[in-house]
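What follows is a short report on a single structure.
Computed over heavy atoms, backbone and side chain alike; hydrogens, waters and symmetry mates excluded.
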Amino acid sequence: MDNPGQPDFTNTDMLGSFQKSEKMVLALLDSATQAIISTDRTGRIVLTNRRAHEMFGYSQDELLGEKIEILLPDSKRASHRGDREDYFQRPRIRPMGIGVDLAGRRKDGKEFPVEVSLSYLEMPEGVFAIAFVSDISQRKQLEDQLMHAQKMEAVGRLAGGVAHDFNNMLTVISGYNRMILDELSPLDPLRGYAEEILKAADRAGALTNQLLAFSRRQIMKPRVINVNAVIEQTEKMLRRLIGEDIQLEFGLKQESGNIRADPGHVEQAIMNLAVNARDAMPLGGRLTLETANTQLDENYAKTHMGVVPGEFVMIAVSDTGIGMDAETKRRIFEPFFTTKEKGKGTGLGLATVYGIVKQAGGDIWVYSEPGRGTTFKLYFPRVTEAITDAPAAERESPQGRNETILVVEDEKAVRDLTVRMLQRLGYSVLIASGGAEAIEISGSHPQRIALLLTDVVMPNMSGRQLADVLTVTRPDMKVIYLSGYTENTVIHHGVLDAGIEFLPKPFSREVLAKKIRDVLAK
């Protein structure tokens, strides 16, 4: 043929039939986005287009004259011969691969998912089958990501709901246990039991925080930070964490930009990844932390669901450990999934990292092979604003000064505990189980109410709605919201509305005391 870059017909008679429209046919073949392959009744390939060569990795000369089975996985070749013979007995237009899994095989042996549409052409020389082949690898990848994201979202909603209810119970357990400890002498034999209960409650509280992080319902206090500075602050802790048999290396690009995130959450993500890396290197190895500015473009976004193209700052955490196979890698961000032996992990470490990154508007990707280590890449949206100063440390607060606090909480156990805490702290307390009762109490109370302490999520009227009503007649009354859940009227995607004072459950008497004094002092 005059132009070796164009597809060819090996059957001379077939070529003659297209002689008058050869240029048009060749142009159509080469412009097609699908691989087009034609075979005769024996399965011999007689026609290919440019996309077929690109898709399967063979040149035109390598394909023409070969049996079509060369483009199929080894496991499918024997059965395909029978299917081919059946097709030529009853030629028909037939879409394939819809609802079933079909695969092609490239020259290098790699298999990939395909969809195939079959047609046929009757010529004087006989019937020729024509296959239109689409590589659906990208679509399959996105479908898998979508299914995984939907599963993670469903588990996240469940985890967030469980954490909300559990936080209410933990508030009561921890609060009353603290009161018991206040009454017990240091020499009392029961004190040891009470202290163990408190430790268990604290551990349970940490687990609920991890669940909230995974489900992206953890309360964030975002500010503009530099990732290099955050990592440098964790260096001493990281060295203690990984031990002396693991070498710690840094590759922090000085020009790495700023991000808007909760610095405590970023530190938590790095620590969790470091712990995971340490456990993957029981005989020692190397842990490397790197940072860099990067751009996630349209091509990346097409294969990573939920990513908006733009400028990002990358944190990469790499180890030289045992690595992971494909099935393990697919499940690592699921809560409670762990490859560690029983009692060695909760399965929430990587789930927490996933939630932290996603809640900050970023993306996380992992590269790993068995025996070749693992690299986690965390991408956070880059911002141009200057670094925000860290808030001042909380100061010690005195007891109450007999100010009046209106407590509104629909959970009786939490309400009773909160009232007792406040009374011990030296406050006068008004008590309501819901919005309507709180409005009635406020209307009949002639003295000043210094603070409204209200749960956010309550039947009939939310804490935010109640505050909006009461502050009309009491504009100087301060408000603190309580909740164990972060999808409500004062928090959106884990970020507090401007000017909102919030105390997450569970809370201790000390934390409650500091929060109240801080708010009343403003």
**Study point:** Carboxylate-amine/guanidinium proximity below 4.0 Å for Lys514 and Glu510
**Key:** no
Review point. More than 12 non-hydrogen atoms from neighbouring residues, nucleotides or ligands closer than 6.0 Å to CZ on Phe250, yes or no?
Key: yes
Exercise for review: Under the salt bridge (charged side-chain N to carboxylate O under 4.0 Å, His left out) rule, collect the residues that match up with Glu369, sequence neighbours excluded.
Suggested key: Arg372
Would you tabulate the side-chain donor-acceptor contacts of residues 316-326 under 3.5 Å, counting partners in other chains and residues two or more places apart, or write 'none'?
{"unit_1": "Ser318", "atom_1": "OG", "unit_2": "Thr375", "atom_2": "OG1", "d": "2.8"}
{"unit_1": "Asp319", "atom_1": "OD1", "unit_2": "Gly321", "atom_2": "N", "d": "2.8"}
{"unit_1": "Asp319", "atom_1": "OD1", "unit_2": "Thr374", "atom_2": "N", "d": "3.3"}
{"unit_1": "Thr320", "atom_1": "OG1", "unit_2": "Arg286", "atom_2": "N", "d": "3.0"}
{"unit_1": "Asp325", "atom_1": "OD1", "unit_2": "Glu327", "atom_2": "N", "d": "3.4"}
{"unit_1": "Asp325", "atom_1": "OD1", "unit_2": "Thr328", "atom_2": "N", "d": "2.8"}
{"unit_1": "Asp325", "atom_1": "OD1", "unit_2": "Thr328", "atom_2": "OG1", "d": "2.8"}

Check your understanding: Is there side-chain contact between Leu378 and Leu273, with at least one heavy-atom pair below 4.5 Å?
Key -> yes
Point to revise | Qualifying residue, where the test is side-chain contact (heavy atoms from CB on, under 4.5 Å) with Leu453 and the options are Leu422, Val429, Leu503 | key: Leu422
**Study point:** Partner residues of Arg106 under the salt bridge (charged side-chain N to carboxylate O under 4.0 Å, His left out) criterion, sequence neighbours left out
**Key:** Asp135
Point to revise | Glu440: partners by side chain to side chain donor-acceptor pair (under 3.5 Å), with sequence neighbours left out | key: none
Review point. Of the non-hydrogen atoms in Glu115 and Ile136, which two are nearest, and what is the gap between them?
Key: CG-CD1, 3.8 Å
Check your understanding: For Asn460, does the CG atom sit with more than 12 other heavy atoms under 6.0 Å from it, leaving out its own atoms?
Key -> no
Exercise for review: With sequence neighbours excluded, tell me which residues meet salt bridge (charged side-chain N to carboxylate O under 4.0 Å, His left out) with Glu195.
Suggested key: Arg191
Check your understanding: Which heavy-atom pair separates Leu482 from Phe502 by the least distance, and what is that distance?
Key -> C-CE1, 4.3 Å
Review point. Looking at residues at least two apart in the chain, or sitting in another chain, which of them share a ring pair (Phe, Tyr, Trp, His ring centres under 6.0 Å) with Phe112?
Key: Phe56
Point to revise | Sequence neighbours excluded, every pair satisfying salt bridge (Lys or Arg N to Asp or Glu O under 4.0 Å) that has a member inside residues 375-384 | key: none
Review point. Take atom CD in Glu385; do more than 12 heavy atoms of anything else shown fall under 6.0 Å from it?
Key: yes
Exercise for review: State, yes or no, whether a side-chain contact exists between Leu248 and Ile246 at a heavy-atom distance under 4.5 Å.
Suggested key: no
Check your understanding: Given side chains that start at C-beta, do those of Asp182 and Arg424 come closer than 4.5 Å, heavy atoms only?
Key -> yes
Study note, to complete from the structure: Lys110 meets the side chain to side chain donor-acceptor pair (under 3.5 Å) criterion, sequence neighbours left out, with none
Check your understanding: Who are the side chain to side chain donor-acceptor pair (under 3.5 Å) partners of Gln295, not counting sequence neighbours?
Key -> none
**Study point:** Set of residues satisfying side chain to side chain donor-acceptor pair (under 3.5 Å) with respect to Asp416, sequence neighbours excluded
**Key:** Lys412
Study note, to complete from the structure: Heavy-atom closest pair (Val519 atom, Lys478 atom, distance to 0.1 Å) is O-NZ, 3.4 Å
**Study point:** Tyr379: partners by ring pair (Phe, Tyr, Trp, His ring centres under 6.0 Å), with sequence neighbours left out
**Key:** Tyr300
Review point. Can any side-chain N or O of Ser442 pair as donor or acceptor with the backbone N or O of Ile439 at less than 3.5 Å?
Key: no
Review point. Is the number of heavy atoms from other residues, nucleotides or ligands within 6.0 Å of CZ (Arg474) greater than 12?
Key: yes
Practice item. Using the test salt bridge (charged side-chain N to carboxylate O under 4.0 Å, His left out), find all partners of Arg448 that sit at least two apart in sequence or belong to another chain. Key: Asp476
